[in-house]
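Below: the structure, in structure tokens.
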Protein chains: 2
Amino acid sequence: MVLREKRLIKMKVTISDVAKMAGVSKSTVSRIMNGNLEQNTEGTIQRVLKVIDELDYKPNALARSLKSTKTNVIGIILSKLQNQFWSSVLEGVEDTCRNSGYNLMICNSNEEAQLEEDHIRSFQMHQLDGLIINPTLKNPHLYKKLSEDQFPFIAINRKMYDLDVHMVTVNNINGAKVAIQHLIDSGKTRISIFLYPPDGISPRLERLEGYKQALQSNGLKVSQSLIQIVGEGKGEVEDAVKKLLHSSDRPDAIFSTNNMMTLEILEGIKNQQLKVPEDITLVGYDETIWAKHLNPPLTTVNQPAYEMGSLAAKKLIHLIEAKGVESEIPKVVSLEPSLIIRESCGSKLQHKN
Amino acid sequence: MVLREKRLIKMKVTISDVAKMAGVSKSTVSRIMNGNLEQNTEGTIQRVLKVIDELDYKPNALARSLKSTKTNVIGIILSKLQNQFWSSVLEGVEDTCRNSGYNLMICNSNEEAQLEEDHIRSFQMHQLDGLIINPTLKNPHLYKKLSEDQFPFIAINRKMYDLDVHMVTVNNINGAKVAIQHLIDSGKTRISIFLYPPDGISPRLERLEGYKQALQSNGLKVSQSLIQIVGEGKGEVEDAVKKLLHSSDRPDAIFSTNNMMTLEILEGIKNQQLKVPEDITLVGYDETIWAKHLNPPLTTVNQPAYEMGSLAAKKLIHLIEAKGVESEIPKVVSLEPSLIIRESCGSKLQHKN
DNA sequence: TTGAAAGCGCTAACAC
DNA sequence: GTGTTAGCGCTTTCAA
């Protein structure tokens, strides 16, 4: 009667209801629910299972976690969901979580220090088991504290240089090198690089570094005027392109270090009535679904985004479950990018994709 | 002493610790923490606040929620994170959640009925306050149950036709109409539509419906051979394009109902050595960052994705907080799409973007 | 103005 | 095999 009411007025059914209805104690229900079957009569088991099913009983994860101090939820803090690269990373994370029985909480830091701090705090209040973060790098004290507190977390994409923490990154030096080498092999000698302000952000610093190394190892010299550091404001990239293309020493190639930036560069070139690859060649960073449909099809540096996400999640879960045991998995993992050659460098059809 | 140990060996600090250290009871700490200040001595308040700060005390959200039966977490179930449309929706949802003090749990149904069911179940076990879902539509009994149980949820993008539930959608009939009308106004008469199998999925059905209506209201007849229903398998779109372009009654325009599909159509056209818009014109569904950089710049039907997400989250939160009170907010909201005219229809420069 | 105590739903010793 | 009990960390009457 009471039970039927529960269903009618839709009160939540708890373990006590199941216990009562099956005529056993809560502990018994709990045991059976958690697969601790070895010590129960087949009859009891069946009876309890039947009641659970009939009542459509769903154990309260809050209560469970409160007791066990384990939520099976991890968090991720990203900054630019809109960027294809990050949605791929997210997919990798999500897939892995699902396959490992974890839920995922997601937040957007928007590159703001305060938001990042709030989110981390919130995650900790929710007792999340761990955290994956593309850090703004604006809260060094915080990262340090997380690390000291042994809170399981993985920095993804961006390195925390002076902290001995777990990281999953892509080798950005090689990414830039392979792009520049390709341009040089295609006969280019005046190669410009476009990047957002490095500000201690490893992917930016390293792409610049790789750019320089590639030039130097080919006997080309690095010219400051070809290093274009642009802000993220609207139109800034196009302006820089315009100025560069009208300068006395116009480059014969541009290396773009960001996929959204690439589109703006393309726009800038078009606005100057110039054509790719005839007037100037171009390589973009990050493979995207649209790269091959641009005019001309774009040569890109491909980062294993999905794998990054998936690997970060796996590492984190490993960390969480091996808690205490100082495991011997490597702290820093660096994946390798690859070059997808299309027509924007003038070297047609070397690689059809 | 005990407290210092807590920090050293890093045990979690609880409300009892704060209480003890401040020399008050847990209730007092609780009150002050929750802004129930009116009934406390200024001295006590300051003392407690100071201890909270010193101990860096973070209230355990699990315990809190267990008591209050409110988690301030909502869930979202999506299927194609990779699609720009959905990452925009997600951003809208996330922003709104953050601004309203909610956390967000995210899952990928991958269009699989079983996964969808598992995720809903998991969300309920976690006591989430509500749910936003782009339903697979493969679990009608489940949606019905959610609705009957008065669980707060919003169906987004896809309609649940026979259920009286809250929905946020875009007017897909109008989206198709405006696209087709533009093609007709540009002098096209043989317009083909490409779509994935409708299968009762409203955006697909409605786009087809809008297509038909637009043709008919312009005195054009609907030809079955121009309605191309293609599967999502690799190469299927390109094959269909090839066949269509070689048929006796080649169309003079294609209306693509999906942004990824558009890229494949473009590829298919290119492979037949035909050019857009000279040989055939094209309108795509969903504005994307790359649309204007395609060759030629693509005319698209723009859906207010971010707004959809944001609105869905707002509605959901409203639902949650007005729980019980049958509020008078409309159950079904339909947003309007717009057309962004570029050059892929041959009508150059009517709208520069 | 503050404290004591019960209880949210579950788990895990420890009894029997 | 199964039940009893204590408590996870918090909120909230009810008393004082």
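In the text below, chain A, chain B and the rest are named by the order of the sequence lines, each starting its count at 1.
Judged purely by distance below 3.5 Å, without hydrogens or angles, the side chains of A:S65 and A:Q127 never pair a donor atom with an acceptor atom. Checked by atom type, the side-chain pair B:N34/B:R64 shows a donor-acceptor distance below 3.5 Å. At a cut-off of 3.5 Å, with distance as the only test, a side-chain donor of B:Y143 or B:E116 sits close to an acceptor on the other residue.
Screening B:N72, B:N103, B:L319 against B:D129 for a side chain to side chain contact (heavy atoms under 4.5 Å, CB included) leaves a single residue, B:N72.
Between A:R121 and B:D56 there is a salt bridge, with a side-chain nitrogen of the basic residue lying less than 4.0 Å from a carboxylate oxygen of the acidic one.
Contact annotation: A:T41 side-chain N/O to D:dG1 OP1/OP2 distance is not under 4.0 Å.
In the helix from C:dT1-D:dA16 to C:dC16-D:dG1, the rotation axis of the first five pairs and that of the last five pairs differ in direction by 40°, rounded to 10 degrees.
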Could you run down the sub-3.5 Å N/O contacts of the protein with nucleotides 9-13 of chain C?
residue : atom : partner : partner atom : Å
C:dG9   : N2   : A:A63   : O            : 3.4
C:dC10  : OP1  : A:Y57   : OH           : 2.5
C:dC10  : OP1  : A:N60   : N            : 3.0
C:dC10  : OP2  : A:I15   : N            : 2.3
C:dC10  : OP2  : A:Y57   : OH           : 3.4
C:dC10  : N4   : A:K26   : NZ           : 3.0
C:dT11  : OP1  : A:N34   : ND2          : 3.3
C:dT11  : OP1  : A:R64   : NH1          : 3.4
C:dT11  : OP2  : A:S30   : OG           : 2.8
C:dT11  : O2   : A:K67   : NZ           : 3.2
C:dA12  : N6   : A:S27   : OG           : 3.4

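In this entry the distance linking CG of B:N40 with C1' of C:dT1 reads 7 Å, nearest Å. Between A:E42 atom CD and D:dG1 atom P there is a gap of 12 Å when expressed in whole angstrom units. Here the P atom of nucleotide D:dG1 and the CD atom of A:Q46 are 16 Å apart, to the nearest Å.
Note on A:S65: nothing from the nucleic acid sits closer than 4.0 angstrom, heavy atoms only.
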